[in-house]
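Worksheet for the structure shown next.
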Amino acid sequence: MDDLWERLERLGLRRGTAGLERPAPEARLDIHHLVPGEVVSTPLGNFFLHEERYPLDHRHGRTCLGQVWDVDPSRVEALLGSALPGPLDLRRALYVDTETTGLAGGTGTYAFLVGVGFFEGNQFRLLQFFMRDYHEELPLLHHLAEQFADPPTLVTFNGRNFDVPLLHTRWIAARLSPRWTQTPHLDLLPPSRRLWKSRLESCSLASLEWHILGVRRASEDVPGWMVPSLYFRYVQTRDAREMKRVLYHNAQDILSLVTLASVLGEVASRPLDPARPCTDCYSLATWLEEQGRWEEAEALYRRALAGPLAPDQRQRAMLRLALLLKRQGKREEAIPLWAALAESPRVGLLALEELAKWEEWHHGDLWAARRFCQKGLELAGVWLRGPARRRAEAEFQHRLARLERKLGLWGTAEGAQAGDPSGSPAPPTGEWP
DNA sequence: GACGTATGAGCCTTCCTAGC
DNA sequence: GCTAGGAAGGCTCATACGTC
């Protein structure tokens with residue numbers, strides 16, 4: 001718009017001429033007056049570009065940007081790479097975050113600010129592509145696609161569901177070829193959830209910054225939910241003072257992408273780090289277990305259980321460790337865990353069933369197996385209702401009938417009341433008899 | 001050979017949660 | 001308000017193994 005006014009002035013058409021009135025004096029508060037940068041001219045029009053450069057030792061929270069250089073790509077790939085088609089080199093990635101006119105997606109939502117960051121030499125370069133009005137979208141998208149046609153990897157936060165599909169839609173709406181369709185993409189949200197969900201109430205980027213990265217944003221930051229309304233107001237008034245804050249917000253998001261990737265990379269590189277909190281040990285153990293890294297998972301479950309855990313998480317850790325030991329053929333090592341879990345209404349029946357299996361099929365004490373079945377039958381009636389109760393009771397009845405057949409009690413008068421010749425008392429729940 | 005049991009994979013449903 | 005993905009739980013099925 002300023003181009004138009006400058007052209008009018010060059011033509012000698014002053015303010016108020018021909019019914020054309022320059023907007024209020026706030027025009028001098030437009031983005032290029034408040035933020036260092038350049039108005040990029042392209043054959044398709046103009047847009048505003050702001051650039052920042054950070055040294056590798058620039059500290060963002062507790063982490064320096066350059067720490068991402070210490071991350072071994074092969075280790076990152078081993079943990080995070082299951083969704084990626086190739087190696088994951090965080091040093092060569094393009095870190096992307098957009099600010100948009102809403103969340104709705106579809107053709108009505110614009111990405112009015114696209115921030116991209118990448119390492120170049122001994123610096124981290126941050127470019128912010130900003131459209132000062134809707135007609136600047138086409139040159140912005142065109143320039144973005146030209147400059148970053150084929151990055152080796154994308155790193156985003158929830159970008160798999162939000163930023164990248166939105167940019168694809170904008171490129172298509174602008175009749176340009178969508179980019180980054182085949183680019184390997186590391187979305188940091190899923191791994192962050194996997195690792196920290198059990199410890200944090202929220203895994204939003206703001207929460208991760210506060211609790212994991214140690215980032216404290218300056219007062220000029222704006223909350224994400226305000227961004228669309230601030231942009232709408234800017235387009236109407238040309239007063240970019242609030243947009244300066246949005247650019248700051250976007251820049252901070254991108255720096256957080258780098259340091260968050262670095263922290264996740266560190267976790268991938270050293271999963272057994274002794275300094276890791278026990279809640280994180282548990283989360284990481286479940287992750288490694290899924291990837292078939294059973295020995296590391298077992299070590300992490302044990303470390304988690306050695307520290308303070310919330311009761312619910314402790315129970316989950318014991319259950320998962322017991323199942324993992326069983327899968328590894330270490331059934332006997334799992335027995336104390338099953339015995340402890342037999343107290344719990346949620347998993348107690350499973351524990352009693354496992355104890356009965358152990359006694360019947362591996363330890364060979366049919367009387368002990370019978371006692372566990374009787375206990376399970378009794379507790380199913382207490383803990384469960386409806387179909388779940390009927391299923392559990394049928395399961396224990398079936399096992400009990402077989403055991404009594406083997407013991408020679410089936411069909412005899414003493415049947416269900418038969419005593420235990422070993423003379424040992426009935427098993428207290430939760431204790432190994 | 002018939003039968004019973006354990007195991008793991010795969011599928012489905014439900015609920016929750018990030019992005020601006 | 002939209003959307004995709006993850007977690008958890010439940011279910012079925014195929015396979016392998018042991019026992020009688």
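Letters A, B, ... mirror the listed sequences (proteins, then strands); counts begin at 1. Heavy atoms only: backbone and side chains are in, while hydrogens, waters and symmetry mates are out.
- When distances are taken from the side chain of A:Arg316 to each of B:dG19, C:dG9, C:dG6, the shortest belongs to C:dG9.
- Considering only side-chain atoms of A:Asn161, the nucleotide from B:dA18, B:dA6, C:dA4 that sits closest is C:dA4.
- Closest to the side chain of A:Glu99, from the set B:dC20, B:dG19, C:dG6, is B:dC20.
- Annotation: side chain of A:Leu113 is in contact with side chain of A:Leu247 (closest heavy-atom distance under 4.5 Å).
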Discussion item. Apply side-chain contact (heavy atoms from CB on, under 4.5 Å) to residues A:Leu94 and A:Trp180 and explain how you reach the verdict.
Written reply: CA-CA 11 Å; A:Leu94 188 66; A:Trp180 307 345; 3.9 Å; yes
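- For A:Arg160, whose side chain is taken as the heavy atoms from C-beta onward, the closest listed nucleotide among B:dC20, B:dA18, C:dG5 is C:dG5.
- Straight-line distance from the NZ atom of A:Lys357 to the P atom of B:dG4: 17 Å, rounded to whole Å.
- Among the heavy atoms of the strands, none lies under 4.0 Å from A:Asp163.
- In this structure, CG of A:Leu188 is placed 14 Å from P of C:dG6, rounded to the nearest angstrom.
- Here the nucleotide nearest the side chain of A:Phe157, chosen from B:dA18, C:dA7, B:dC20, is B:dA18.
- Taking atom CG of residue A:Asn158 and atom C1' of nucleotide B:dT17, one finds them 9 Å apart after rounding to whole Å.
- Ion pairing of A:Asp253 with A:Arg217 is present here, as a side-chain N (NZ or NE/NH1/NH2) and a carboxylate O approach within less than 4.0 Å.
- Look at CD on A:Glu354: it is 7 Å from P on B:dT7, rounded to the nearest Å.
- Computed from coordinates, the A:Trp287 CH2 to C:dG6 P distance equals 11 Å when rounded to whole Å.
- Distance, A:His168 NE2 to C:dA4 P: 14 Å, rounded to whole Å.
- Among the protein residues, A:Asn250 comes within range of no part of the nucleic acid, since none of its heavy atoms lies under 4.0 Å from any strand.
- Nucleic acid contact class of A:Thr156 (heavy atoms, under 4.0 Å, all strands): none.
- With B:dT17, B:dG19, B:dA6 as the candidates, the nucleotide lying closest to the side chain of A:Phe162 is B:dG19.
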Worksheet item: Where does DNA chain C pair, written as one dot-bracket string 5' to 3', with Watson-Crick or G-U pairs under 3.5 Å, ( ) inside the strand, [ ] for crossing pairs and | for another strand?
Response: .|||||||||||||||||||
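- The shortest distance between the side-chain N/O atoms of A:Arg194 and the OP1/OP2 oxygens of C:dG6 is not below 4.0 Å.
- Rounding to whole angstrom units, CG of residue A:Leu323 and P of B:dG8 are separated by 9 Å.
- With A:Arg320 contributing its side chain and A:Tyr301 its backbone, the two residues share no donor-acceptor pair below 3.5 Å.
- Here C:dG9 presents its C1' atom at 12 Å from CZ of A:Arg320, a figure rounded to the nearest Å.
- Under the ring-ring contact (aromatic ring centres under 6.0 Å, His included) criterion, no residue pair touches residues 189-224 of chain A, with sequence neighbours excluded.
- Contact annotation for A:Thr101: no contact, since no heavy-atom pair falls under 4.0 Å across all strands.
- For A:Arg238 and A:Asp133, the salt-bridge test passes: some basic side-chain N is under 4.0 Å from an acidic carboxylate O.
- Of the charged side-chain nitrogens involved, at least one lies within less than 4.0 Å of a carboxylate oxygen, so that A:Glu266 and A:Arg270 count as a salt-bridged pair.
- Nearest nucleotide to the A:Lys326 side chain, out of B:dT7, B:dG19, B:dA18: B:dT7.
- Taking A:Asp72 as the reference, A:Ser74, A:Arg75 meet the side-chain contact (heavy atoms from CB on, under 4.5 Å) condition, with sequence neighbours excluded.
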